[in-house]
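One is the number of the first residue; the rest follow in order along the sequence. Values reported hereafter were calculated over all heavy atoms of this structure, with side chains retained and with hydrogens, waters and symmetry mates removed. Keep in mind that what you see is a predicted model, and the values were worked out from it rather than measured.
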Amino acid sequence: PRIDDDSSGVLRYVRIEFPGVNLTGISGNEINGLTMGGVGSRTVIDYVQVSYSGDDSYEWFGGTVNCKYLIAYKGLDDDWDTDNGFRGKIQFGLSVRDTGLVDISTSNGFESDNNANSPTNFNGPRTRPVFSNMTVVGPFFNTGISISTLWGRGAHERRNSLMSLYNSIVMGWRVGYRFDGSGVYNAASSDTIQIRNTIFGGNVKLADTVAPASFSAHLFLQNAAYNNTVFSTAASVQLNNPFAIYPEVPLPADNVSNWLPSAGSPALSGADFSNPNLGGFENVSYRGAFGTANWTYEWAQFNPINYTIPVTSNYFITVAPQGFYNTGLGRLNMSDTVRAYLRQTSAPFSIVDSARALVDAVSLTGKFNFIHAPSGTFYIQLQHRNSIRTWSKNGGEPFTSASDNFYNFTSSVSQAFGSNQIVVGPVSAIYSGDVNQNDVIDLSDLLLAFNDAQNFATGYVNSDVNGTGVVDLSDLLVIFNNAQNFVTSIRP
């Protein structure tokens with residue numbers, strides 16, 4: 001039987017490089033970069049990059065899996081291919097093409113089918129994916145260039161698919177959107193297929209259709225009620241540098257912001273999530289995959305052909321969350337995870353690298369493995385699940401790449417910026433009680449912990465500020481005392 005809410009596990013922060021192959025040299029007989037066959041909605045697929053796939057970068061055959069933060073980079077065939085009743089939700093996707101890599105079957109951004117048994121391809125459940133916040137960049141960095149005629153459309157919807165697209169960017173294609181077949185254009189006319197609040201920029205032709213004269217693809221996309229935006233040039237979309245990928249992004253190619261909107265870009269606003277089809281999506285103000293934050297930073301790689309394996313640099317950081325420190329035992333009640341950021345020492349104090357480590361309950365020390373930061377002087381910023389974010393002392397600390405480094409927050413309150421620590425027994429500790437992680441300990445944190453205590457919450461929960469595994473009065477007292485003293489984060 002079909003189980004829509006089945007789980008196939010978790011795929012997160014994964015790069016799939018140089019996958020996909022044409023098995024026989026005949027179009028339609030290939031293996032994709034990431035193929036999902038009947039994958040259920042309880043599966044987690046986030047932060048995945050497919051690079052240089054020999055066929056489609058992603059293809060969904062049925063299923064209901066929801067995915068976020070996907071990258072399709074320089075694939076050969078289609079970027080986002082949906083078939084055979086796929087009904088999932090996809091948000092935040094970037095696809096980028098190379099003018100020299102095109103498939104014999106015609107290469108598209110989106111290609112969406114129901115089933116291929118034409119003309120009886122109304123089989124149910126119908127393919128009905130919902131995409132939002134996609135940035136789909138084609139090969140036409142200029143509409144006047146002469147490239148292979150096998151380059152196709154930003155989206156090709158056919159065979160009675162019911163795909164809808166919202167809050168996205170489709171730019172640099174021979175055709176922006178093709179409505180192919182009576183099942184598609186009838187569904188568009190009846191508002192079952194929806195394209196809303198989407199930017200079309202620098203496409204040689206906005207749209208076309210295999211439809212009777214009564215349906216105009218151009219008029220459909222430009223219907224004022226749908227709030228789409230059409231530009232004749234890709235430059236009008238005002239992304240930082242979306243076509244700057246030839247021949248390859250310069251190394252290290254792990255912090256590339258080419259597809260973020262520039263200041264004043266129309267992509268920074270105009271999104272709308274009031275449509276019922278967008279239930280469960282994250283509400284953001286921007287259109288396309290990015291606002292002002294680059295979610296590809298550190299984990300994605302835009303030049304995998306010849307990159308250098310990063311060198312690990314260890315940073316042994318000693319830290320004690322106030323509530324966790326047990327003065328009677330001289331240790332923490334439990335070991336816990338802390339994330340450390342290395343930040344530049346001048347405004348805006350940008351993140352250079354980050355690492356996560358388990359701080360040992362006895363030694364109070366975690367081994368943080370940084371793999372991107374060069375040698376230099378940086379602030380250390382700590383983030384713990386229910387502690388105030390704490391920075392190292394004024395001026396920053398020397399860091400040597402490919403070496404062991406050490407810093408001890410517990411030796412003195414002055415080891416923190418602004419001496420923003422509290423003495424607990426023999427150690428200086430970072431303040432506990434910021435349950436909602438908004439950099440201030442106040443009534444809102446107390447209420448969260450109070451409600452959890454009322455409900456006898458146990459286990460690994462943020463409101464357990466002393467690490468005993470139970471939310472009770474002792475946690476509330478830590479939060480209350482720090483709130484009384486107006487404890488907040490202090491930073492440069």
Asn255: partners by side chain to side chain contact (heavy atoms under 4.5 Å, CB included), with sequence neighbours left out: Asn294, Tyr297
Is the closest basic N to carboxylate O distance between Glu282 and Lys89 below 4.0 Å? no
Hey, does Thr488 have a side-chain heavy atom less than 4.5 Å from the side chain of Asp439? no
Might you work through the side chain to side chain donor-acceptor pair (under 3.5 Å) test for Ser57 and Asn32, ending with a clear yes or no? CA-CA 6 Å; Ser57 293; Asn32 307 296; over 6 Å; no
Just by distance, no angles: are the side chains of Arg385 and Tyr460 close enough, under 3.5 Å, to form a donor-acceptor pair? yes
Hey, are the side chains of Gln222 and Val230 touching, using non-hydrogen atoms and a 4.5 Å cut-off? yes
All heavy atoms of Val237 vs all of Gly201, minimum pair found to be CG2-CA, 4.0 Å
Check this for me: does any side-chain nitrogen of one of Lys68 and Asp46 sit under 4.0 Å from a carboxylate oxygen of the other? no
Would you tell me whether Ser346 and Gln344 have side-chain atoms, one donor and one acceptor, within less than 3.5 Å of each other? no
Any side-chain heavy atom of Asp445 within less than 4.5 Å of one from Asp442? yes
Derivation and outcome, side chain to side chain contact (heavy atoms under 4.5 Å, CB included), residues His156 and Phe110: CA-CA 6 Å; His156 186 181; Phe110 296 98; over 6 Å; no
Please check this pair: side chain of Arg158 against backbone of Asp180, looking for a donor-acceptor N/O pair closer than 3.5 Å. no
Please examine the side chains of Leu221 and Leu206, heavy atoms only from C-beta on, and report whether any two atoms are closer than 4.5 Å. yes
Angle class for the Phe349/Trp391 ring planes (parallel below 30°, perpendicular above 60°, tilted otherwise)? perpendicular
What pairs with Asn223 under side chain to side chain donor-acceptor pair (under 3.5 Å), at least two apart in sequence or on another chain? none
With sequence neighbours excluded, residues passing side chain to side chain contact (heavy atoms under 4.5 Å, CB included) with Asp191: Gln194, Arg196, Tyr226
Hey, could you give me each pair passing ring pair (Phe, Tyr, Trp, His ring centres under 6.0 Å) that has a residue in residues 230-281? Not counting sequence neighbours. Trp259-Phe302
Which atom pair, heavy atoms only, marks the closest approach of Asn240 to Ser262? OD1-OG, 3.0 Å
With sequence neighbours excluded, what pairs up with Asn114 under the side chain to side chain donor-acceptor pair (under 3.5 Å) test? Thr127
Ring pair (Phe, Tyr, Trp, His ring centres under 6.0 Å) against Phe92, all qualifying residues, sequence neighbours excluded: Tyr69
Is any side-chain heavy atom of Val311 closer than 4.5 Å to one of Ile371? no
Assess whether side chain to side chain contact (heavy atoms under 4.5 Å, CB included) is satisfied between Tyr177 and Val170, documenting all intermediate values. CA-CA 9 Å; Tyr177 211 106; Val170 178; 5.8 Å; no
Does the side chain of Ser350 pick up a donor-acceptor pair with the side chain of Arg343 at under 3.5 Å? no
Any residue meeting side chain to side chain contact (heavy atoms under 4.5 Å, CB included) with Ser285, in chain and number order, not counting sequence neighbours: none
Met163 to Glu157 - nearest heavy-atom pair and separation: N-OE2, 2.5 Å
If you take all heavy atoms of Thr192 and Ser164, which pair is closest and at what distance? O-OG, 3.6 Å
If you take all heavy atoms of Met171 and Ile169, which pair is closest and at what distance? SD-CG2, 3.8 Å
Step by step, work out the side chain to side chain contact (heavy atoms under 4.5 Å, CB included) result for Asn228 and Ile199. CA-CA 6 Å; Asn228 297 315; Ile199 297 172; over 6 Å; no
Name all residues meeting the ring pair (Phe, Tyr, Trp, His ring centres under 6.0 Å) criterion together with Phe290; count only those two or more places apart in sequence or in a different chain, and write none if there are none. Trp295
Salt bridge check: are Arg97 and Asp79 linked by an N-O gap of less than 4.0 Å? yes
Output yes when Asp113 and Arg159 qualify as a salt bridge under the 4.0 Å nitrogen-oxygen rule, no when they do not. yes
Assess, by modelled atom type and distance only, whether the side chains of Asn436 and Ser444 contain a donor and an acceptor separated by less than 3.5 Å. yes
is_close_aromatic(Tyr13, Tyr47), centroid dist under 6.0 Å: yes
Could you work out, with side chain to side chain donor-acceptor pair (under 3.5 Å) as the rule, every residue matching Thr233, not counting sequence neighbours? Ser236
Between Tyr166 and Asn277, do the side chains contain a donor N or O and an acceptor N or O under 3.5 Å apart? yes
The side chain to side chain contact (heavy atoms under 4.5 Å, CB included) partners of Pro19 (sequence neighbours excluded) come to Ile16, Val50, Ser53
Side chains of Thr209 and Arg178: closer than 4.5 Å at any heavy-atom pair? no
Do Glu17 and Tyr52 have side-chain N/O donor and acceptor atoms under 3.5 Å apart? no
Nearest non-hydrogen partners of Phe220 and Ile195, listed with the distance: CE2-CD1, 3.6 Å
With side chain to side chain donor-acceptor pair (under 3.5 Å) as the test, would you mind laying out the steps for Asn186 and Ser189 before giving the verdict? CA-CA 5 Å; Asn186 286 339; Ser189 298; 5.3 Å; no
Within a strict 4.5 Å, meaning less than it, do heavy atoms of the Ile380 and Tyr341 side chains meet? no
Can you check ring-ring contact (aromatic ring centres under 6.0 Å, His included) on Phe61 and Phe86, steps first, answer last? CA-CA 6 Å; Phe61 293 94; Phe86 173 59; over 10 Å; no
Mind checking whether His218 and Lys205 have side chains closer than 4.5 Å, heavy atoms only? yes
What do the steps show when you test Thr99 against Phe141 for side chain to side chain contact (heavy atoms under 4.5 Å, CB included), and what is the final call? CA-CA 9 Å; Thr99 55; Phe141 53 85; 4.2 Å; yes
Please tabulate, one pair per line, all N/O donor-acceptor pairs under 3.5 Å involving side-chain atoms of residues 128-137, not counting sequence neighbours.
from: Ser132; atom 1: OG; to: Asn167; atom 2: ND2; distance (Å): 3.2
from: Asn133; atom 1: OD1; to: Gln91; atom 2: NE2; distance (Å): 3.0
from: Asn133; atom 1: ND2; to: Tyr286; atom 2: O; distance (Å): 3.0
from: Asn133; atom 1: ND2; to: Gly288; atom 2: O; distance (Å): 3.1
from: Thr135; atom 1: OG1; to: Ala289; atom 2: N; distance (Å): 2.8

List in chain and number order the residues that pass side chain to side chain donor-acceptor pair (under 3.5 Å) with His384, two or more places apart in sequence or in another chain; answer none if no residue qualifies. Asp336, Asn386, Ser387
Under the 3.5 angstrom rule, does the side chain of Arg42 hit a backbone N or O of Gly40 as a donor-acceptor pair? no
Within the side chain of Asp5, is there an N or O that forms a donor-acceptor pair under 3.5 Å with the backbone of Ser41? no
Using side-chain hydrogen bond (donor to acceptor under 3.5 Å, both in side chains) as the criterion, point out the one residue from Thr229, Thr198, Asp272, Asn197 that pairs with Arg287. Thr229
Which of parallel (below 30°), tilted (30 to 60°) and perpendicular (above 60°) describes Trp60 and Trp80? parallel
